[in-house]
Amino acid sequence: MKFSLLSLARNAVSGQTAGPAQWRSPQPRAVYDVVIVGAGGHGLATAYYLAKEHGIRNVAVLDRGWLGGGNTGRNTTIIRSNYLWDESARLYDHAHRMWETLAQELNYNVMFSPRGVMMLAHNVHDEQVVRRHIHANRGNGVENEWLSPEQAKAFCPPLNISSDMRYPILGAALQRRGGTARHDAVAWGYARAASAMGVDILQNCEVQAIDRDATGRAIAVETSRGRIAAGKIGVVAAGHTSVVMAMAGLRMPLESYPLQALVSEPVKPCFPCVVMSNTIHAYLSQSYKGELVIGAGTDAYVSYSQAGGLHISAHTLDAICELFPMFRRMRMLRNWGGIVDVTPDRSPVIGLTPVPGLFVNCGWGTGGFKATPGSGHVFAHTIATGTPHPIAAPFSLERFRTGRLIDEAAAAAVAH
Amino acid sequence: MADPAAARVHPLAVLGAGSMPGAGATLRALPPACRISLRADPQVAAAIAAAIGLPLPEAMCRANVLGARAALRLGPDEWLLIGPEAAGESLARVAMAVPGPASVVDVSHRSTALEIAGPRAVAVLGAFCALDLDAAAFPVGMCTRTLLGKAEIVLWRSAAECFRIEVWRSFAPYVWNCLEEGRLEFFI
Amino acid sequence: MSGAFRTASGGRIDRTQPILFGFDGRAMTGFRGDTLASALLANGVHLVGRSFKYHRPRGIVAAGSEEPNALVTVDRGGGRLTPNLRATQLELRRDLKATSQNRFPSLDFDIGAVNNLFSPLFSAGFYYKTFMWPASFWKHVYEPLIRSAAGLGRAPTEPDPDRYLHRYAHCDVLVIGAGPAGLAAALAAAETGARVILCDEQSEPGGSLLAETEARIEGRPAAEWAAGVARALAGQDRVTVLPRTTAFGWFPDNLIGLAERVTDHQDRPDPRLPRERLWQVRAREVVIAAGAIERPLVFPGNDRPGVMLADAGRIYANRYGVRVGDRAVIATAGDSGYRAALALLGAGATIAAIADLREDPAGAAVEAARQAGIAIRPGTAIAGSRGGHRVTEASLRRIGGSDRVERLDCDVLLMSGGFTPAVHMFSQSRGRLRFDAALQAFLPGKSAARERSAGACNGRFDLEGCLDEGFTAGAAAAKAAGCGSPRTRRFARAGAVPAPGGFLGAVPGTGKGKAFVDFQNDVTAKDLQLATREGFRSIEHVKRYTTTGMATDQGKTSNMNALAIVAGALDRPIPEVGLTTFRMPYTPVTFGTIAGASRGMLFDPLRHTPIHDWASEHGAVFEDVGNWKRARYFPRSGEDMHQAVARECTAVRMAAGMFDASTLGKIEVVGPDAATFLERMYTNAWARLAPGRLRYGLMLNEAGFIMDDGVIARLAPDRFHVTTTTGGAPGVLNHMEDYLQTEFTDLKVWLTSITEQYAVIAVQGPRAREIIAPLVEGIDLSPAAMPHMSVQTGQICGVATRLFRVSFTGELGFEINVPADHGRAVWEAVLQAGAAYGIVPYGTEAMHVLRAEKGYIIVGQETDGTVTPADAGLDWAIGKAKKDFVGKRSLSRPDIVAPGRKQLVGLLTHSPQEVLEEGAQLVADPHAEIPMRMIGHVTSSYHSAALGRSIALALVADGRSLLGQTLYVPMPDRMIAVTLVAPVFYDQEGRRLDG
Amino acid sequence: MLLIPCPHCGARPENEFRNAGEAHIARPAEADDAAWADYLYMRTNPKGVFIERWRHIHGCGRFFNCVRHTVTDRIIATYKAGDPRPSLDVLRAWSEHAR
Ligand SMILES: Cc1cc2nc3c(=O)[nH]c(=O)nc-3n(C[C@H](O)[C@H](O)[C@H](O)COP(=O)(O)OP(=O)(O)OC[C@H]3O[C@@H](n4cnc5c(N)ncnc54)[C@H](O)[C@@H]3O)c2cc1C
Ligand SMILES: NC(=O)c1ccc[n+]([C@@H]2O[C@H](COP(=O)([O-])OP(=O)(O)OC[C@H]3O[C@@H](n4cnc5c(N)ncnc54)[C@H](O)[C@@H]3O)[C@@H](O)[C@H]2O)c1
Ligand SMILES: Cc1cc2nc3c(=O)[nH]c(=O)nc-3n(C[C@H](O)[C@H](O)[C@H](O)COP(=O)(O)O)c2cc1C
Ligand SMILES: [Zn+2]
């Protein structure tokens, strides 16, 4: 059923009794052409594009829990593409372009809201880094512009640009078409669209082992719902990637950390865009319901606990209060954590693995929500054709051996 | 021009002059001191102790006091020797004469010291320091590096209600201001 | 009198202290001891707000922190505006001014209420299905529309002037909740001499006992007993009693976050007090005694003002002396309704009837109601309500009977669906919940932390049981904390044992209309059912699709009903469907409280050098580098930065300049293996560096990329003075310690930070030697005795110094290290001595220009964590004969030796006055169009006074093979042509180093 | 904020420490590119018992090893840097205990 105001009105009149399930909840089949491990945004998008663009519809997406319950369901939803390196800019901008029409593509309103993402510069070094990004971005066709403090304030009136702040604002980079989207809707939209094309979404289906044949090829997964054979297996398990890959005997260049976020109580619109400060580590936007959505840092240690320390939130909230002293009396409503898989160069890994038949898409760390459509798109291509999509090619595992890292962290501190 | 050797600027010169005494906890800047960071394996350290006539604490995180001099054990192979300024030269020279591998480094100016004392001293520190400062957990004579707010300090309980804080000089104003903030409510 | 609905006597309010307060501009009176909610109710005000989505009129539902509806904004003036405060928790104080929220223009007449008419459109998830066409409407029509509907209260717009403070605390036993169970637990633990902290979110300890009028404990009226116990506890040395303090979060290793509200309730708070305090309590053991929360019944029209929780009605009567209405209908599934009925009767109300979902209600409470002549309708459900801004009628229907509905007039409708144990903190501690089928409730199951639950939160609903369980838990906690055992104590008490009872889900057999589950987020039973039909089968999906439980009350009153409805719709047992995750905070916590004192200058330490004050007095403009303030330039009157820097640079090249280099990191490396250690940590060779000599040191990380650099002095065979970059100092020390302690454990060497021990004054320029010569004692400054890259110790101005002959400008230069206290005096002495020679102080900006003229790199500017020594043209700094050093192996990786890497070069713009922008990119093709192939970027760019033109450094792919060629810097409006040159612009031969 | 038992100083709040990643990763004297990449970048990152390094940076300054369960974050044991890695049996027993 196509979603529209009309269909909604029809349902309203009929008392909302129609509402068919947005996705099927089938029983697992014994064999699929492709099994995707992980029903987060990236895994579901991969399945969707496999079906849509490569005609591979005998696909299952497996999740140990409920679909979208990983980092997709717990991120601060910042979308931007003003990354430094050419390879990154190409990847993230590919995704960014897709966001712009995703609602229509999926017939599901993912509420992409390009309200502008602003990154603050607090010292001379910040300004140098930001300007370097702006120049590199322009060359890559990724819009990003420098704002003076006054221009920054005009764009985001709550900013305090007085020079006697502990961390004064010397200026900012603004990507006007950056913004946010409704994270859950992204997962649901992809799930609905993929399911409609025949993709089976198997929830509560934890992958517990990966079977390999005599040649070493990965041929099946053992799950909490039984054995499922697969022509190809794509692992898109975010924080759990190391765990799943270990089932195939592979060690990954990953560490999993808790990353926290929090929301305030909802208030009337008071914050018009997304603001990030890498130097004092805070980022902030306001959701459709009115909460201030605030991202905190990662805890310092590897953990799968989906919870973090109070001192981490405290460090973020003192930064928020310092930047926006008018929010000091606002109250934290809920705090939660996700498990982010972090690579040494803070760039993702997308591609083939040393195990034939096994593909991996991981390492998005603290910043992969923005890449969801693009990541699924290039990964689907990689799985379908067996060769990396040109945009994905630089993000191979191989780069750790050769030393061709794509180090966004070194160049830009934090990435969200 | 003033004699540069005599004209010294204490990092808490301005702030230290201004603290209001309070019944709960008083805060004061302590005078300059000689400080030596002594690093050596314990056996060698013992020889040094004998040479300088200042017994070194054997237990971790404990201080020994002898007259005006003190030795704080901050790590398995690390002691901080504190004494009056005049003692500095001789302390260092003797320590360096001791055979055996060791590191003796003059850090007199690296830090400055302040003191917080009074019945509410523990509460004031507790506003910024995550350690358990109950007398049973942190008895008189205990000393350790730790954090006060966002600054590293050496905290030493020199008497039941008295703490000496050693802090790197550029962090001293921050530490001072934190403690002032913590004291405020006890003026009521 | 403080309102028409105030009882003549009773309650814990102080009737001698009337308080004037305002609500939506209307002045009213209450008493000390009231909450805003009780005071409003005493004045007959039920309508206090509008709901989120449908803007339905809403009233006060509860009496505690679980309140979903009664959210108000309080403005205390001067920036002290707080939205979304619960009227049920706001203690009345003088001049309290509260306003209702989410309505326009007024609470009585709210335009937003039209949403209610369109509510069939606004079913769960409606956003996702619409607003997509035409696509262009999204940005300018749909999204603004949706956004404008967001939120409840308004955010403050001014900075908050109040203070906040933290307190770390440690205890043997932390007791959360000071009801009978918590008080008994604290008593038991305190008796053993344990360190005890007892906290409760309410204004006074006592919990449910504060509204208890019948029971007696140990011979005293319950409330009096509670007050006595609390007083006795607070009087003990090792016990801390914290009222108005919410345990909001549970963190690993029994760290509990408590939020204490210190001054909001005070008439005129002392500004020296923090407004709120965050306690971070490390507790050996915790007793959770958090009580239970009453559940509403889900029936159509259950959200009208005047529809309240039964126990809230009782509490308002008993604790606050307020009659919540004159004529009550009560719908209940257990004893609570009867207890409320009796309390209301006592407060002067009429009870129209009690509808009890149970077929055969029995027990003491029921008997008492019968005795009092109250009409009881067993086996009867509440079917609906009527009314506009206040309930006026309730309809009852016999379960399983005919469709006949009994309509009863009323002005208040009390409901009770039973009690939900408050397992929030237990669950946060990662304990596993178990479903108790008899109680139809989740209870604490297997513990994960060192804690135990007692009382109503553990499913004990009788007072005696709560007291005993609390005492036992307190004793066990103290024992587990190693504190011995208390004497046993039995709490003789009188009063009835409540009969179990309760109901989960939507009341059966009701009529049409919206039956709300989550009041604040306007989620109805139907929404939940719709969600399950649409395939949202996980409770987590249902939550997110419908937003049930996501409002500011986090579903305290609604989650169990929602769960039961979903379980029903899925036809699965409740425990199989399960609850959503309990997360911190238990109730919302102020950002300021969590930030604490960390603000302004206490936000982050600001580090000043010993020479800072002098610079500041002499007009320096500073820049932030890490936590340091560094003088950037010293403008003279009328000069801009460009002019000042040019003047400073010229002075250094022509005469001399002095620079405060105190922020440079410094590490003293001492021990017999010091040289060997440095061999392994730096790329360079150190073994044969003679004492008294300096060498440039290059440090790599293990991946082979440049990490830091600096000059290293060998003071003695076993003693080096290492310098690092300002920002890199802590990282370098940590990196060295790491290898020393865990990798090169065979080495006897120790590292001591001496960054702050020394003030460092760089004196640079052809006259440098002459200037310092008169000040120096015991050091032979002659070029022979003290050549470039050497160090001597001696005295300067009578102060001990480590004097380096070193240059970061290309001129003859010295760096004077003196003990920090003497830094300023020596600085002034050098300045005075240099006056005759034209010495000037210069800042970091001139320093950058001077070193760039010489092609010296700055780590962090020419490098960004991806640059190797070869890239930076520093191959010469690698000790070729060395077997190993950190990073060596990485330098032979395929892509590190591959062609095409970016290399450091110099750039000269074709028009000499053009200064490139740092960070600008380089392309080969002047006609390149976006997206263009970029082959490098500008790392440093300045106007050089010495050369009378601009210069720049850049990293360019294969740059060294392109020297002499022209490349282009694309700017938004044009291409700038540049020639690639070797990255040394000034004094290529290095003659000036000798003055 | 974890409570971390420093082998030298006793239990201290986490903010005095800095985590230093997986423990017992030997720095190879000789390594081909793949083995070197393993050393530099590949990590066990287990869900369960994990041996990691911490430095008591704002305390005694020592690096030490710590056995922690990465799901509960419970610390099972700490021991000095250089001490041998606990045997598999010991780890298995500890892991049961920390769940
Ligand atoms: C607090 C927080 C804030 C963030 N903020 C931003 C931001 O502002 N902008 C941004 O771009 N990114 C952000 N991110 C990062 C972003 O959320 C992630 O990069 C992105 O969502 C990853 O998507 P995914 O689909 O790969 O992973 P996930 O959504 O985590 O999906 C992985 C799925 O794999 C499943 N799985 C794991 N193991 C198994 C198994 N054995 N068997 C079956 N299934 C398994 C999991 O259950 C999970 O559902 C943030 C992350 C967090 C935690
Ligand atoms: N009639 C019934 O069916 C029924 C039902 C429930 C309870 N009760 C009665 O209620 C009493 C229960 O006693 P109890 O001691 O278990 O509970 P209680 O309700 O008396 O006390 C719990 C206290 O904990 C506080 N609290 C809850 N969470 C908190 C937090 N996170 N931080 C700080 N404070 C918090 C509450 O404000 C309250 O004061 C008994 O007297 C029992 O008979 C009766
Ligand atoms: C962008 C965003 C906004 C959120 N807004 C709310 C909110 O308004 N209310 C709420 O209770 N939770 C909100 N959450 C948090 C979720 O309730 C939940 O905590 C999160 O999805 C993590 O799941 P978990 O807590 O069940 O582990 C929000 C989460 C995200 C990512
Ligand atoms: Zn230690």
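Note that the coordinates shown come from a computational prediction; the quantities given were computed from them, not determined experimentally. Any value given below was found using the heavy atoms of this structure, including those in side chains, with hydrogens, waters and symmetry copies removed. Letters A, B, ... mirror the listed sequences (proteins, then strands); counts begin at 1.
Between the side chain of R147(C) and the backbone N or O of Q286(A), at least one donor-acceptor pair lies under 3.5 Å. Looking at R138(A), its side chain does come within 3.5 Å of a backbone N or O of P970(C) through a donor-acceptor pair. Panel note: side chain N84(C), backbone P266(A); a donor-acceptor pair is recorded below 3.5 Å. K268(A) places a side-chain N or O within 3.5 Å of a backbone atom of G151(C) that can act as its donor or acceptor partner. Put simply, the side chain of Q128(A) never gets that close to the backbone of G919(C): no donor and acceptor are under 3.5 Å apart. The backbone N or O of P269(A) sits nowhere less than 3.5 Å from a side-chain atom of R154(C) that would complete a donor-acceptor pair. With N109(A) contributing its side chain and T130(C) its backbone, the two residues share a donor-acceptor pair below 3.5 Å. Remark: the backbone N or O of F112(A) is paired with a side-chain donor or acceptor of W138(C) at under 3.5 angstrom. Checking side-chain atoms of E322(A) against main-chain N and O of G600(C) turns up a donor-acceptor pair under 3.5 Å. Between the side chain of H135(A) and the main chain of V969(C), no donor-acceptor pair closer than 3.5 Å is present.
With a threshold of 4.5 angstrom between heavy atoms, E623(C) approaches chain A through side-chain atoms but not through N, CA, C or O. For chain A, no part of R933(C) is nearby; none of its heavy atoms comes within less than 4.5 Å. Only the backbone of L81(C) comes within contact range of chain A, judged by heavy atoms closer than 4.5 Å. In this structure, chain C has no heavy atom under 4.5 Å from any part of P158(A). Contacts of N335(A) with chain C are made by both backbone and side-chain atoms, with heavy-atom separations under 4.5 Å. With a 4.5 Å cut-off on non-hydrogen atoms, D184(A) touches chain C through its side chain but not through its backbone. Looking at E276(C), neither its backbone nor its side chain comes within 4.5 Å of chain A, counting heavy atoms on both sides. With a 4.5 angstrom heavy-atom cutoff, A319(A) touches chain C via backbone and side-chain atoms both. Only the backbone of S148(C) has a heavy atom closer than 4.5 Å to any heavy atom of chain A. For L262(A), the part lying under 4.5 angstrom from a heavy atom of chain C is the side chain only. Contacts between Y164(C) and chain A at a heavy-atom distance below 4.5 Å involve the side chain alone, from C-beta outward. Neither the backbone nor the side chain of E929(C) has a heavy atom closer than 4.5 Å to any heavy atom of chain A. Residue contact with chain C, scored on non-hydrogen atoms closer than 4.5 Å, is absent for F324(A). Both the backbone and the side chain of L85(C) come within less than 4.5 Å of a heavy atom in chain A. Heavy atoms of A551(C) lying under 4.5 Å from chain A belong exclusively to its backbone. Contacts of A149(C) with chain A are made by backbone atoms alone, with heavy-atom separations under 4.5 Å and no side-chain atom involved. Both the backbone and the side chain of Y545(C) come within contact range of chain A, each with at least one heavy atom under 4.5 Å from a heavy atom of that chain. Residue contact with chain C, scored on non-hydrogen atoms closer than 4.5 Å, involves the side chain of S25(A) exclusively. Using a 4.5 Å cut-off between heavy atoms, T316(A) makes no contact with chain C at all. Contact annotation for P605(C): only backbone heavy atoms (N, CA, C, O) come within less than 4.5 Å of a heavy atom of chain A. Heavy-atom distances place the side chain of R182(A), and not its backbone, under 4.5 Å from chain C. At a 4.5 Å heavy-atom cutoff, the contact between I294(A) and chain C is made by side-chain atoms alone.
Checked by atom type, the side-chain pair Y128(C)/Q22(A) shows no donor-acceptor distance below 3.5 Å. Donor-acceptor pairing under 3.5 Å is recorded for the side chains of T82(C) and R329(A).
Contact count versus chain A (heavy atoms, under 4.5 Å) is highest, among G257(C), A155(C), G79(C), for A155(C). Interface check for chain A: of the options F705(C), F251(C), F603(C), Y586(C), the most heavy-atom pairs under 4.5 Å are formed by F603(C). Note: Q306(A) leads R90(A), Q306(A), R399(A), H311(A) in heavy-atom pairs under 4.5 Å with chain C. The choice from M932(C), R632(C), E917(C), R544(C) that makes the most heavy-atom pairs within less than 4.5 Å of chain A is R544(C). Per-residue heavy-atom pair counts under 4.5 Å with chain A were compared for L278(C), V923(C), N627(C), and the maximum is reached by N627(C).
Partners of R901(C) according to the salt bridge (Lys or Arg N to Asp or Glu O under 4.0 Å) rule, which considers only residues two or more places apart in sequence or in another chain, are D871(C). Scored by the side chain to side chain donor-acceptor pair (under 3.5 Å) test, E105(A) finds Y48(A), K52(A) as partners (sequence neighbours excluded).
Using a 4.5 Å cut-off on side-chain heavy atoms (C-beta onward), N204(A) and S538(C) make no contact.
A salt bridge links R132(A) and D864(C); the closest N-O separation between the charged side-chain nitrogens and carboxylate oxygens is under 4.0 Å.
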